[in-house]
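Below: one structure, written as C-alpha cells.
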Number of protein chains: 2
Amino acid sequence: MAKLEDVAKKAGVSPTTVSRVINNYGAISENTRNKVHTAMKELNYQPNSLARSLQGKKTQLIGLIFPSITNPFYAELIATIEDQLFKSHYKTILCNASNDQNKERDYLNMLVSNQVDGIIVGTHSKSLKEYQEIKQAIVSFDRYLADSIPIVGSDNYQGAALAAEELINSGASNIYFLGNVHAGRDLQPTDQREIAFRKTLAEHQLTPNFLPLSTEISVNIKHMMIRELLQKNQNIDGIMTTDDLTALLTINVARELGITIPNDLKVIGFDGTKFIQDYYPELTTIAQPISDIAELLINTLFKQIDNHDHYENKHFILPNKLIKGNTSR
Amino acid sequence: MAKLEDVAKKAGVSPTTVSRVINNYGAISENTRNKVHTAMKELNYQPNSLARSLQGKKTQLIGLIFPSITNPFYAELIATIEDQLFKSHYKTILCNASNDQNKERDYLNMLVSNQVDGIIVGTHSKSLKEYQEIKQAIVSFDRYLADSIPIVGSDNYQGAALAAEELINSGASNIYFLGNVHAGRDLQPTDQREIAFRKTLAEHQLTPNFLPLSTEISVNIKHMMIRELLQKNQNIDGIMTTDDLTALLTINVARELGITIPNDLKVIGFDGTKFIQDYYPELTTIAQPISDIAELLINTLFKQIDNHDHYENKHFILPNKLIKGNTSR
DNA sequence: CTGAAAGCGCTAACAG
DNA sequence: CTGTTAGCGCTTTCAG
C-alpha cells in the first residue's frame, strides 16, 4: 500500500506538498500539482483514512443501527437514509442489531471506537443505558433512548386512528388489533398505535380486541396464531395490524379458511412501503413518510455535527397517510 | 473523549501497562489490572480503533458491497453474512451500491482507505477495473471481477434447467423467460440461466421465448410490459423468471387479466428466500442456498486473511433446490 | 509557493 | 511485572 511519503518521493516534493494537493489546501503551483497527481496515479495511491482521522479530522462516516434489514420497512428507510447521506458525501456503516441487546451494544461501541461523525438508531427493543453517555451526534427513529437524544418518527396516534376509522367506515364492528401490544413499563412512541386504537373504537362505542404478536416470534407461529383466532372467532370482521407483513399473513389465512376479503373481513396494514405498493397493491394500509423521516433524521443529525446544536426531549412527528386498496371498504 | 493516557494517569501507571491490560498481553499483576479497569470504567473509556489500526493491527471490519438492500434476496444474503461474521468477531460495513458504478467505486475506495480486513462484493453491473488492483482479501458473489478474485455462487445452469423442466413437466409448451437477458459481451455466471433455459427447451423440441427485463427499469413499467405480453399472447402457458419478485408481478397481472394459475398458466420464480416462503408460499421457485453461500463466501475470505491463501480463476458452485408451490404442476 | 518538525492515540520492541 | 521510546500515515503550525 503506497503511502503519502512514497508519492512525495516519486514527485520529488515534500510530504506536506502532497498533503496540500490532496486536500486542496493552500497555494500550489500548477506544475507541482500535476507532478503530484501523476505520482498518485502511478502508485495507485489511496490515502489512509485512519491516519487522517486520527488528527481529529471528520471521518465522513455515519453509523446506522437498525433491528433488521430483511423487513421491507427498515430496508427502505435504511436505503433512503443511505442514499441521502451519500449525496451529502457521507458514507454509511450499517449495523444490523437483530433485536439483540448485546449485539446492539457491540455495534454501538464499534461505531464510537471508529470515530463516526454521527449515529442514527432505529432499534426498537428496550434501550441500552450506554446511550446516555454517547458524545457523538445521535438521533433516534421513533424510540426514546435518552433525554438528550432527539426522536424523529411518524404520528403513530394519527396513523392508527386513521386505520381504525377506515375499518369502521368500511362497516366493521368486531375489530382486532394484531401486533406488538404495550408491555406495561415505559411508554414508547409506537405504543400510541394501541392507544389510538382503543380510543377510536371507544368513540364509536365498539370494544377493542387484541391478539398480541411480539416481533420475536417466528412467522410460522404468527401464521398459526392468526389462523386460530379467525377459526375460533368467525364473527371478526375487521383487523388492523401494526405492520404490513402481518396483514399479508392475515390475508393468506383468510384465503385458506375461505373468508372473503373485504366482504367478510376488512384488513388494514401499517407502513405502506414501496415494496407493498408494488407487489401487493390490493392492501389497504397506513403509509409512513419514509423519505421525510430519512430527511429529518439526517437534518437533525447534521445540525448537531455542523452547528453543535443540542436537543433536550425533542420529538419530531410526521403525519401518516391512508392508502386505500381492496382489503377494506 | 478519554484516551489511554488519561486512564494511565488516573490509574497511576504507564500507558504501556494500560495497553497491556486492554489487549490481555504480557503479565500484569492482579492489582494493577484492577486499578486500570476501575479507571477505564470511571472515564468511560473507549479505545480509539483508528489509532490502534494505524499500527497495522487488524480492523476486524469486513466491507460488503451489494447492489440493493431492498431486494429480499440480497437482504437475506446480507443479513446471513453479517450474522456469521459477527459470530466470528468481525463487524460489517454494508455499502449499498444501488447499481451505480460511481457509487460502487466510491464505496470501494472508502473500504480500502478504512483498511477493512476483507471485502465481499455482490454487485451485478459490469465490473470496475479498480478490482484488479485490490490488495485486501476479497471474494465475489456470482460475478466475475478479476482472475484473482474467487467467485462463490449457486449453480445457475442447474437451477434454471430445473425450473424449465418443472414447467415442461407441468404441461407447459409455450414458455417465456422473463428477466435479465445476456447482453452479448462477457459472460457472467448468471447468464447460465438463459443458456440452460434455451438448452432445456431445445431438448424437448420447444421454442424458447424471451421478455428481457433489465434490473434498471421500474416495477410499474415491468408490470406494464408483462401485462402487454400476456394480453397479446394468450397462448402462453409457462413463465419462468430470474427472480421471485418478477414472478409475483406475473401472478398479479394474471389475476388482473383473469388468467387462472396454474391451469392456464404455470409460473416459476428464482431465489426462494425465506421471505417468499413465509409470505407467498404458493409460489413455485428455485431456492438458492443462501446460508451455504454466505458460509462459503466467508470461509474463502478468511482463508485469504488468515492463511494468505491466493486464488486464481476459482469458482465455487453450490446447487439449487426446487420448491414446489401451487403456481406450477 | 514549499519544507521541516511536531503530534493525533495507540502498540511494540527493548530495557530494567 | 512495569516503564521508556520510537513510530504507524497523515495534517498542521511555523519558517522561509
Side-chain angles (χ1 to χ4, degrees), chain A residues 1-40 43-61 109-117 135-136, chain B residues 1-40 43-61 109-117 135-136:
Chain A
M1 200 93 281
K3 46 203 220 191
L4 187 138
E5 204 189 320
D6 302 332
V7 178
K9 271 195 191 121
K10 180 141 215 145
V13 297
S14 75
T16 317
T17 306
V18 177
S19 177
R20 285 203 182 95
V21 349
I22 290 172
N23 297 292
N24 254 308
Y25 183 76
I28 303 275
S29 79
E30 205 44 45
N31 190 342
T32 33
R33 186 190 305 283
N34 289 149
K35 280 191 302 188
V36 171
H37 276 137
T38 319
M40 278 173 31
L43 293 171
N44 199 249
Y45 174 69
Q46 269 306 318
N48 182 328
S49 289
L50 306 186
R52 185 190 303 211
S53 302
L54 194 54
Q55 326 288 320
K57 294 207 80 124
K58 296 203 311 173
T59 53
Q60 297 294 127
L61 254 25
N109 287 338
M110 180 276 269
L111 293 175
V112 172
S113 309
N114 282 81
Q115 319 288 118
V116 296
D117 294 337
K135 294 287 176 289
Q136 357 252 327
Chain B
M1 202 93 280
K3 46 203 220 190
L4 188 139
E5 203 190 320
D6 301 334
V7 177
K9 273 195 189 119
K10 181 140 214 148
V13 296
S14 76
T16 317
T17 306
V18 177
S19 176
R20 284 203 183 95
V21 348
I22 290 171
N23 297 293
N24 257 307
Y25 183 76
I28 303 277
S29 79
E30 204 45 44
N31 191 343
T32 34
R33 185 189 305 283
N34 287 149
K35 279 192 301 188
V36 171
H37 275 136
T38 318
M40 279 173 32
L43 293 172
N44 198 253
Y45 173 70
Q46 267 309 317
N48 182 328
S49 289
L50 306 187
R52 187 190 303 211
S53 301
L54 194 53
Q55 324 289 322
K57 296 207 79 128
K58 296 203 310 173
T59 52
Q60 297 293 128
L61 254 27
N109 287 339
M110 181 277 266
L111 292 175
V112 172
S113 302
N114 281 81
Q115 320 287 121
V116 296
D117 294 338
K135 294 287 178 292
Q136 358 252 322

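Side chains are part of it too, since the values below use all heavy atoms of this structure and drop only hydrogens, waters and symmetry mates. A, B, ... follow the sequence lines: proteins, then strands. Residue 1 opens every chain.
- Mapped onto DNA chain C by nearest heavy atom, B:Gln55 and B:Tyr25 fall at different nucleotides, with B:Gln55 at the one closer to the 5' end.
- The base of C:dA12 lies outside donor-acceptor range of the side chain of B:Ser19, with no N or O pair under 3.5 Å.
- Residue-level contact check: A:Thr32 touches the backbone only, with heavy atoms under 4.0 Å from sugar-phosphate atoms and none from bases.
- Summary of the strand contacts: B:Ser29 and B:Gly56 both lie near DNA chain D, and taking for each the nucleotide with the nearest heavy atom, the more 5' one is attributed to B:Ser29.
- Within the 3.5 Å criterion, the main-chain N or O of A:Lys3 finds a donor-acceptor partner in the side chain of A:Asp6.
- The distance between atom NZ of A:Lys9 and atom P of C:dG3, rounded to the nearest whole Å, is 14 Å.
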Under the side chain to side chain contact (heavy atoms under 4.5 Å, CB included) criterion, do B:Arg33 and B:Asn24 qualify, and how do the steps go? CA-CA 10 Å; B:Arg33 185 189 305 283; B:Asn24 257 307; 3.8 Å; yes
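- Across the protein-nucleic acid pair, B:Met40 atom CE and C:dG9 atom P stand 17 Å apart, rounded to whole Å.
- Remark: the B:Thr16 side chain and the B:Ser19 side chain contain no N/O donor-acceptor pair separated by less than 3.5 Å.
- Side-chain N or O atoms of A:Thr59 include none that pairs as donor or acceptor with a backbone N or O of A:Ser53 at under 3.5 Å.
- Think of the region where chain B sits on DNA chain D: with heavy atoms and a 4.0 Å cut, that region ends 5' and 3' at D:dC1 to D:dG9.
- The base of C:dA4 lies outside donor-acceptor range of the side chain of A:Ser14, with no N or O pair under 3.5 Å.
- Ranking C:dG3, C:dA13, C:dT2 by closeness to the A:Val13 side chain, first place goes to C:dG3.
- The shortest distance between side-chain heavy atoms of A:Val13 and A:Val21 does not fall below 4.5 Å.
- Remark on DNA chain D: of its neighbouring residues A:Arg20 and A:Glu5, the 5'-side contact belongs to A:Glu5, judged by nearest-heavy-atom nucleotide.
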